[in-house]
Amino acid sequence: VMTLFTLRPGLTMRDTCHLRGYAQAALKKFRNAIRDFDHAIKLNPDYEYAFYMRGMCKTHLEDNAGAVADLKKSASLGCDEAKEILNQIV
């Protein structure tokens, strides 16, 4: 799957990891998705949407503390979706 994404012009490795994580999450393979989002975050520690998606995956695995931590980080980086969810749950 990664090869398909890396063939697209202008797509960075960070974007590739994010897209693959998003695909894994859509397939409900949340642990695999988290690994991909981990990698995207390692490549860009200020990638707010990767924190958001990783947090959402953690909610599906009932890792509430981890989810809240990721959503808070995402919100602090400017992700409005994360801010909305935190307003609902915290």
Candidate pair Phe51 and Leu71, rule side-chain contact (heavy atoms from CB on, under 4.5 Å), full reasoning: CA-CA 6 Å; Phe51 279 104; Leu71 292 171; over 6 Å; no
Within a reach of under 6.0 Å around NZ of Lys83, are more than 12 heavy atoms found that belong to other residues, nucleotides or ligands? yes
Rounded to the nearest 0.5 Å, what's the gap from [atom1] on [X] to [atom2] on [Y]? Could you check?
X: Thr59; Y: Ile85; atom1: OG1; atom2: CD1; value: 7.5 Å
X: Met56; Y: Tyr22; atom1: CE; atom2: OH; value: 11.0 Å
X: Asn32; Y: Leu27; atom1: CG; atom2: CG; value: 9.5 Å
X: Cys17; Y: Asn44; atom1: SG; atom2: CG; value: 11.5 Å
X: Cys57; Y: Arg35; atom1: SG; atom2: CZ; value: 11.5 Å

Taking all atoms of both residues into account, what is the closest heavy-atom pair of [X] and [Y], and its distance?
X: Tyr47; Y: Asp15; result: OH-OD1, 4.1 Å
X: Ile41; Y: Ala50; result: CG1-CB, 3.7 Å
X: Phe37; Y: Gly21; result: CZ-C, 3.4 Å
X: Ala25; Y: Phe30; result: O-CE2, 3.7 Å
X: Gly55; Y: Ala67; result: O-CB, 3.3 Å
X: Tyr52; Y: Ser74; result: CB-OG, 3.4 Å

pair [X]-[Y]: side-chain heavy atoms closer than 4.5 Å:
X: Met53; Y: Ile34; result: no
X: Lys72; Y: Ser76; result: no
X: Tyr49; Y: His18; result: yes

Residues 44-61 vs salt bridge (Lys or Arg N to Asp or Glu O under 4.0 Å), sequence neighbours excluded, gives Asp38-Arg54, Arg54-Asp70, Lys58-Asp70
Passing option when Asp36 is tested against Arg20, Lys42, Arg14 for salt bridge (charged side-chain N to carboxylate O under 4.0 Å, His left out): Arg20
